Amino acid sequence: MAYDSENIFAKILRGEIPCSRVYEDEHALAFNDINPQAPVHVLVIPKGAYESMDDFSANASKAEIAGFFRAVGTVARELALTGAGYRILANHGADARQEVPHFHVHIFGQADLGPMLAQRPA
Ligand code: AMP
């Protein structure tokens with residue numbers, strides 16, 4: 001599937017719509033999620049046009065991958081989440097209910113985040 005350059009995170013990267021920026025470097029941009037699920041809920045996105053975790057891990061350069069994941073750790077440290085703990089999450093595709101087709105990692109923190117996944121009826 002081709003990358004959709006009109007997705008909302010591509011527009012944020014191009015500066016066409018605003019975001020609440022918390023961090024930016026050569027490889028990544030981090031901003032607050034518009035619909036936070038925890039007291040801290042930040043999204044970290046690579047600057048390159050990658051649709052998903054699968055696309056990013058298969059096609060991004062080593063420098064992009066290293067730079068991106070280093071940025072995720074940096075953001076968590078800068079938000080002072082490392083002591084109490086935090087969770088990262090990336091949704092890929094339909095079963096994970098990925099909404100925005102630009103690869104992103106969620107960082108959640110500043111609360112007991114509960115079980116890893118919502119409990120489902122058996
Ligand atoms: P996902 O289901 O992993 O694709 O999550 C997409 C996330 O993007 C959701 O948590 C949304 O609340 C968030 N989101 C959508 N639009 C925006 C926006 N304009 N600014 C910040 N976060 C957004």
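Counting starts at 1 for both ligands and their atoms, in listed order. Because the structure is predicted, anything quoted here is derived from the model rather than measured. Below, each value reflects all heavy atoms present in this structure, side chains not excepted, and no hydrogens, waters or symmetry copies.
The closest donor-acceptor contact from the side chain of Gln98 to the backbone of Gly93 lies under 3.5 Å. Listed for the His102 side chain is a donor-acceptor partner under 3.5 Å among the backbone atoms of Pro46.
Judged purely by distance below 3.5 Å, without hydrogens or angles, the side chains of Asp54 and Tyr50 never pair a donor atom with an acceptor atom.
One finds a salt bridge joining Glu24 and Lys47 here, because a Lys/Arg side-chain nitrogen approaches an Asp/Glu carboxylate oxygen to under 4.0 Å.
Remark: among candidates Val42, Asp33, Val100, the nearest residue to atom 9 (C) of ligand 1 is Asp33, based on non-hydrogen atoms. Of the candidates Ile8, Leu43, Ile17, Ile45, it is Ile8 that places a heavy atom closest to atom 16 (N) of ligand 1.
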- [ ] Evaluate the ring-ring contact (aromatic ring centres under 6.0 Å, His included) criterion for residues Phe68 and His27: first the C-alpha distance (whole Å), next the side-chain angles of each, then the deciding distance (0.1 Å), finally the verdict.
- [x] CA-CA 6 Å; Phe68 175 77; His27 293 292; 9.4 Å; no

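By the criterion of a heavy-atom distance under 4.0 Å, neither the backbone nor the side chain of Leu89 is placed next to ligand 1. Proximity of Phe103 to ligand 1, defined as any heavy-atom pair under 4.0 Å, is not found for any part of the residue.
Here the protein heavy atom with the shortest distance to atom 6 (C) of ligand 1 is His104 NE2, 3.6 Å. Here the protein heavy atom with the shortest distance to atom 23 (C) of ligand 1 is Ile34 CG2, 3.5 Å. Closest protein heavy atom to atom 8 (O) of ligand 1: Phe9 CZ, 3.4 Å.
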